[in-house]
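Position 1 is the first residue of the sequence, and the numbers go up from there.
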Amino acid sequence: MAAPFDKNDDSVVVVIGTGAGGGVLANELAQKGISVVALEAGGRYLPEDYINDEWESFGQLAWLDPRTTSGDWRVAKDFSGLPAWIVKAVGGTTTHWAGASIRFQPHEWKAKTTYGEVEGASLLDWPIDGEEMAPYYTKAEDKLGVTRTGGREGLPGCNNYLVFEAGAKKLGYKEVHTGKMAINSDWYDDRMPCQQTGFCFQGCKWGAKWSAAYTDIPRGEATGNLEVREKAHVARILHDDSGKVTGVEYFDEKGDLQMQKARIVAVAGNSFESPRLLLNSASNMFPNGLANSSDQVGRNYMRHMTGSVYGVFDKPVKMWRGTTMAGIIQDEAKHDPSRGFVGGYELETLSLGLPFMAAFLDPGAWGREFTTALDMYENMAGMWIVGEDMPQSDNRVTLNTEVKDQFGLPVANVHFSDHPNDVAMRNHAYKQGAAIYDAVGATRTFPTPPYPSTHNLGTNRMSEKAEDGVVNKWGQTHDIKNLFVSDGSQFTTGAAE
């Protein structure tokens with residue numbers, strides 16, 4: 001274990017958040033001999049602590065601090081305190097993710113050039129492309145042990161997948177398989193293979209799914225160069241008169257304000273908390289928040305176009321058995337505007353347990369249609385739709401100064417409304433999803449609206465020109481040379497993956 005670093009040691013790199021961005025970054029730096037202090041708002045839970053019960057697990061892992069919502073999305077109406085399920089724990093949302101690990105397609109790096117002007121969308125090309133990213137993708141696939149890459153076998157197909165695959169093939173779909181997943185199909189990297197018990201979203205009890213919580217973080221700590229301070233809620237980032245960041249103020253477990261000096265700060269708190277932190281760090285020199293000369297901090301929030309389709313059959317499917325995201329159809333992920341929208345979408349298997357199924361089917365509904373759906377749970381197959389949604393400058397994270405968190409800090413308000421392109425894509429996907437199940441004899445199919453839990457992107461986007469975004473191609477903020485953003489909020493566009 002690293003000896004604790006002194007709070008006045010200004011040679012350390014401070015990483016805020018320990019998820020897919022921060023947890024990996026903290027370990028990579030520590031492996032290179034760099035001193036890192038990682039500040040994590042949540043506690044530490046490992047496979048033996050995970051609870052395979054949806055509501056209890058949600059209470060254990062989710063970010064439950066107050067947050068507000070606005071816009072025409074259903075989340076603002078039905079789940080106003082929950083714009084998305086993000087995890088508050090060491091390892092971040094890598095605890096809760098399903099493990100799907102798919103590369104962007106070449107055209108998706110250049111959405112503005114490929115799609116042209118889309119009215120109401122703030123499309124922008126990434127300052128990087130697939131060719132430049134290919135070696136990094138390979139590194140990531142090897143680190144995570146992604147199936148169907150690097151000679152690693154795919155996972156087996158469960159019943160939910162077999163129904164999905166049979167329907168897809170009847171419709172003439174060709175790109176159908178059990179997915180590229182960061183879940184071991186065999187022993188790999190000292191972790192056992194998947195035992196097909198489901199509950200992937202509740203934390204993998206076997207450690208077969210890659211998570212920064214039990215891979216990168218302990219390895220970084222073992223070098224002696226990484227100190228993780230859990231239950232450390234960052235309040236603001238400080239800077240000197242020259243505009244360089246100098247350290248981070250945070251509330252410790254007792255609620256006392258602490259300050260850690262730093263030579264570099266990397267923000268990796270996800271697409272809600274990262275912009276919120278930059279905005280809450282406003283000062284006389286940076287009145288609109290740090291790294292925000294472009295007024296782009298918090299803007300262009302994307303969550304992927306989503307929805308789901310369930311089919312009911314006359315025989316049991318038991319969709320909850322096996323990996324949660326057990327397979328994928330990729331034929332619709334292409335860009336083909338003849339379908340009535342730009343960009344594309346994937347169809348992936350999905351199973352929810354009964355408690356979540358009941359909550360997300362249609363909150364507030366109670367009647368024959370709802371109860372008969374739950375009665376048929378054992379005979380149900382399910383799929384999730386995930387596609388490229390359009391960035392819009394008004395879909396954004398702002399500070400809600402009326403609502404404060406437990407430390408007295410203004411909370412994030414997340415505003416989101418669908419773009420017409422998102423609606424057209426979702427409707428196309430609903431139709432195709434139902435057709436897949438109808439092709440194999442479904443007695444009933446029903447679409448469900450998007451869940452609150454999804455992929456959060458944008459809000460500190462990467463751009464070639466400083467006026468178009470927040471960070472450059474290295475995740476370095478355009479305005480402040482020693483301030484970096486190291487999470488999904490960097491995403492310029494969302495792609496279908």
Side-chain angles (χ1 to χ4, degrees), residues 20-21 97-98 100-141 146 148-149 173-175 177 179-180 182 271 299-306 325 328-348 384-393 395 418-426 428-429 432 454-464 468-475 487-497:
W97 77 313
S101 304
I102 316 164
R103 297 186 180 202
F104 272 30
Q105 301 165 84
H107 72 268
E108 290 168 329
W109 297 102
K110 305 294 173 195
K112 189 173 185 179
T113 301
T114 311
Y115 307 155
E117 283 300 325
V118 174
E119 196 181 340
S122 50
L123 285 170
L124 193 65
D125 289 347
W126 287 69
I128 49 181
D129 61 27
E131 206 176 335
E132 183 174 0
M133 292 308 291
Y136 296 103
Y137 268 131
T138 302
K139 259 185 144 160
E141 286 160 354
V146 177
R148 299 179 180 274
T149 69
Y173 284 136
K174 302 272 188 292
E175 296 171 65
H177 53 73
K180 293 182 176 177
S271 293
R299 291 189 184 273
N300 311 299
Y301 168 57
M302 297 167 287
R303 62 189 303 265
H304 273 132
M305 179 290 298
T306 72
M325 214 152 259
I328 189 166
I329 301 166
Q330 295 196 275
D331 302 65
E332 297 285 4
K334 61 188 185 281
H335 170 56
D336 170 13
S338 73
R339 293 173 296 178
F341 51 87
V342 301
Y345 63 88
E346 322 263 3
L347 299 165
E348 305 181 75
W384 189 53
I385 300 157
V386 55
E388 179 166 13
D389 61 343
M390 291 293 105
Q392 300 174 75
S393 66
N395 281 350
D418 272 323
H419 186 277
N421 195 76
D422 308 345
V423 177
M425 187 189 287
R426 184 179 291 120
H428 188 275
Q432 294 307 110
T454 180
H455 306 143
N456 304 299
L457 306 165
T459 72
N460 288 309
R461 73 175 177 184
M462 194 182 278
S463 63
E464 198 164 344
D468 292 335
V470 180
V471 299
N472 66 15
K473 68 186 282 188
W474 307 107
D487 62 17
S489 70
Q490 299 178 70
F491 275 47
T492 308
T493 53
E497 290 73 43

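- Note that CZ of Arg303 and CG of Asn395 are 10.0 Å apart. Values are rounded to the nearest 0.5 Å.
- Nearest heavy-atom pair across Pro127 and Met462 is CG-CG, 3.5 Å.
- The closest side-chain heavy-atom distance from Glu108 to Thr493 is not below 4.5 Å.
- The nearest pair of heavy atoms linking Asp125 to Ala111 is OD1-N, 3.4 Å.
- Side chains of Asp331 and Lys174 form a contact here, defined as non-hydrogen atoms less than 4.5 Å apart.
- With contacts defined as side-chain heavy-atom distances shorter than 4.5 Å, the pair Leu457/Ser489 does not qualify.
- The two atoms that bring Gly387 and His304 nearest to each other are O-CD2, 3.0 Å, heavy atoms only.
- Going from atom CD1 of Ile385 over to atom NE2 of His428 covers 11.0 Å, rounded to the nearest 0.5 Å.
- In summary, Lys473 and Glu132 engage in a salt bridge, as defined by a charged side-chain N under 4.0 Å from a carboxylate O.
- Here the side chains of Met302 and Gln392 are not in contact, with every heavy-atom distance at 4.5 Å or above.
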Query raised in the report: Could you walk me through whether Asn456 and Ser271 pass the side chain to side chain donor-acceptor pair (under 3.5 Å) check?
Result: CA-CA 6 Å; Asn456 304 299; Ser271 293; over 6 Å; no
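- In this structure a side-chain-to-backbone donor-acceptor pair under 3.5 Å is present from Arg426 to Thr306.
- For the pairing with His335, the ring-ring contact (aromatic ring centres under 6.0 Å, His included) check across Phe341, Tyr115, Tyr345 returns one residue only, Tyr115.
- Closest approach of Leu124 to Thr492, counting heavy atoms only: O-CG2, 3.5 Å.
- For Glu497, there are no salt bridge (Lys or Arg N to Asp or Glu O under 4.0 Å) partners two or more places apart in sequence or in a different chain.
- Among all heavy-atom pairs drawn from Asn421 and Val342, the shortest one is OD1-N, 2.9 Å.
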Report task. Determine, stepwise, if the pair Tyr173 / Gln432 fulfils side chain to side chain donor-acceptor pair (under 3.5 Å). Result -> CA-CA 11 Å; Tyr173 284 136; Gln432 294 307 110; 2.9 Å; yes
Requested in this report: Give the C-alpha distance, both sets of side-chain angles, the deciding distance and a yes or no for side chain to side chain contact (heavy atoms under 4.5 Å, CB included) between Arg103 and Thr149.
Outcome: CA-CA 11 Å; Arg103 297 186 180 202; Thr149 69; over 6 Å; no
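- His419 meets the side chain to side chain donor-acceptor pair (under 3.5 Å) test with no other residue; sequence neighbours excluded.
- Here the closest heavy-atom approach between residue Trp384 and residue His455 is recorded as CH2-CE1, 3.5 Å.
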Requested in this report: Start with the C-alpha gap between Glu141 and Lys180, add the side-chain angles, then the distance that decides, and say whether salt bridge (charged side-chain N to carboxylate O under 4.0 Å, His left out) holds.
Outcome: CA-CA 9 Å; Glu141 286 160 354; Lys180 293 182 176 177; 5.8 Å; no
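- Between the side chain of Arg461 and the main chain of Asp468, a donor-acceptor pair closer than 3.5 Å is present.
- The CG atom of Asn472 sits 10.5 Å away from the CD1 atom of Ile128 when rounded to the nearest 0.5 Å.
- By the 30° and 60° cut-offs, the orientation of the rings of Trp126 relative to Phe104 is perpendicular.
- For the pair Asp129/Pro106, no side-chain contact is recorded, criterion being any heavy-atom separation below 4.5 Å from C-beta on.
- Contact of the Gln330 side chain with the His177 side chain is registered, since non-hydrogen atoms from C-beta on lie closer than 4.5 Å.
- Between Ile328 and Leu347, every side-chain heavy-atom pair lies at or beyond the 4.5 Å cut-off.
- Summarising the local packing, NZ of Lys110 is surrounded by more than 12 heavy atoms from other residues, nucleotides or ligands at distances under 6.0 Å.
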